[in-house]
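Heads up: the structure comes next, in structure tokens.
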There are 2 protein chains.
Amino acid sequence: MRRDIFQAIADPTRRAIIALIALQAMTPNAIAEQFDTTRQAVSKHLRILTECELVTQKQQGREIYYQLQVNKMKEIDKWLNQFRKIWEDRFDNLDKYLAKIQANAKNKK
Amino acid sequence: MRRDIFQAIADPTRRAIIALIALQAMTPNAIAEQFDTTRQAVSKHLRILTECELVTQKQQGREIYYQLQVNKMKEIDKWLNQFRKIWEDRFDNLDKYLAKIQANAKNKK
DNA sequence: ATTTTGCGCAACCATTTGATTGCACAAATA
DNA sequence: TATTTGTGCAATCAAATGGTTGCGCAAAAT
């Protein structure tokens, strides 16, 4: 069953793979060398990441380079936006509250 | 086994619960009313969200109010930051490239 | 005091998941 | 041409997952 991007990044190994190929595309073997797991396991993870378009593959001969699609990560950012507004509002409200308290303290001196 | 925040938001139902209680704390029954699932299923999800500190609970009599801890969402934002820098760099580079092309086009006219 | 309501927990179940092993195919190398 | 290397896929397995049902306890309502 095809997974969404949140399910894709739920697994720690896949998150590590994403971080690994963020700056430079890598092949399955090169990626597997960085993990204590089989190449087939890495291949499985890459398939999941490819399915939800987090990653694209470019074949060069028998080697396949997997590249991170950072723009796809924006989908997570977009989902976070609805909460970012809330924690920013709370921070702003806290700021205002603190400023008010300081003003009152000065007036009382 | 205790889950991390990424595993917590991997499930669509839990993401929906998070969005639901983002602005206002709600009780399990109130939350369950918004879903086509049992109250016990919702209770299970709330336990997972509580375990990874995405949510806190405040008991009032026999009712329990579950509140979203938006500050905990920053953990996801923090993880995204390493990629945000990349997609911003690429955007900047694209901007520069486009500007260069436009300048060249004007010079040739 | 009794009944109703809110709610978590355990047991159960079907499904999904993540890793391994084995295999097969294509490209690169000797 | 033969061998090696890169790689995906299928089968298998144990563990995890998400939902349901049933139960029990505490608080609220009657």
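To find a chain, count down the sequence lines: A is the first, B the second, and so on, and within it residues start at 1. Since the model is a prediction, treat every value here as computed from it, not as a measurement.
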Inset, instruction - Could you check which residues of residues 54-69 of chain A get a heavy atom under 4.0 Å from DNA chain C? Sort them by number, please. - result: A:G61, A:R62
Legend entry - Atom CD of B:Q24: over 12 foreign heavy atoms under 6.0 Å: no
Which whole-number value in Å describes the distance from [X] [atom1] to [N] [atom2]?
X	N	atom1	atom2	value
B:R2	D:dA15	CZ	P	23 Å
B:L49	D:dG18	CG	P	11 Å
A:D11	C:dT17	CG	P	11 Å
B:I48	C:dC9	CD1	P	12 Å
A:E51	C:dG18	CD	C1'	14 Å
B:D4	D:dA16	CG	P	15 Å

Is [X] near enough to [N] that one of its side-chain N or O atoms lies under 4.0 angstrom from OP1 or OP2?
X	N	value
A:R3	C:dG18	yes
B:H45	D:dG19	yes
A:T13	C:dA19	yes

Inset, instruction - State, yes or no, whether a side-chain contact exists between B:F6 and A:F6 at a heavy-atom distance under 4.5 Å. - result: no
Inset, instruction - Decide yes or no for B:R84 and A:D77: does some side-chain heavy atom of the first lie under 4.5 Å from some side-chain heavy atom of the second? - result: yes
Inset, instruction - Strictly below 4.0 Å, heavy-atom distances to any atom of DNA chain D: list the hits from residues 17-38 of chain A, or just say none. - result: A:T27, A:P28, A:N29
Distance-minimising heavy-atom pair for [X] and [Y]:
X	Y	value
B:P12	A:Q7	CD-NE2, 4.1 Å
B:L54	B:L68	O-CD1, 3.4 Å
A:V42	A:P28	CG1-O, 4.1 Å
A:E51	A:R3	OE1-N, 4.4 Å
B:R2	B:C52	NH2-CA, 4.2 Å
B:A25	B:Y65	O-CD2, 3.9 Å

Inset, instruction - Under the side chain to side chain donor-acceptor pair (under 3.5 Å) rule, what do A:E63 and A:T27 come out as? Steps first, then yes or no, please. - result: CA-CA 7 Å; A:E63 287 179 340; A:T27 65; 5.6 Å; no
Inset, instruction - Please round to 10 degrees the angle between the axis of the first five pairs and the axis of the last five pairs in the helix from C:dA1-D:dT30 to C:dA30-D:dT1. - result: 20°
Taking only N/O atoms, report every protein-nucleotides 22-25 of chain D pair under 3.5 Å with atom names and distance.
unit_1 : atom_1 : unit_2 : atom_2 : d
D:dG22 : O6     : B:Q40  : NE2    : 3.0

Legend entry - Residues forming a side-chain hydrogen bond (donor to acceptor under 3.5 Å, both in side chains) with A:D4, sequence neighbours excluded: B:R15
Inset, instruction - Check each of A:I17, A:L20, A:L49, A:T50 against A:Y66 using the side chain to side chain contact (heavy atoms under 4.5 Å, CB included) test, and report the only one that passes. - result: A:T50
Legend entry - With A:E75 via salt bridge (Lys or Arg N to Asp or Glu O under 4.0 Å) - residues at least two apart: A:K72
Inset, instruction - Identify whether A:M73 and A:I48 are in the same connected component of the hydrophobic contact network (ILVMFWY, side-chain heavy atoms under 4.5 Å). - result: no
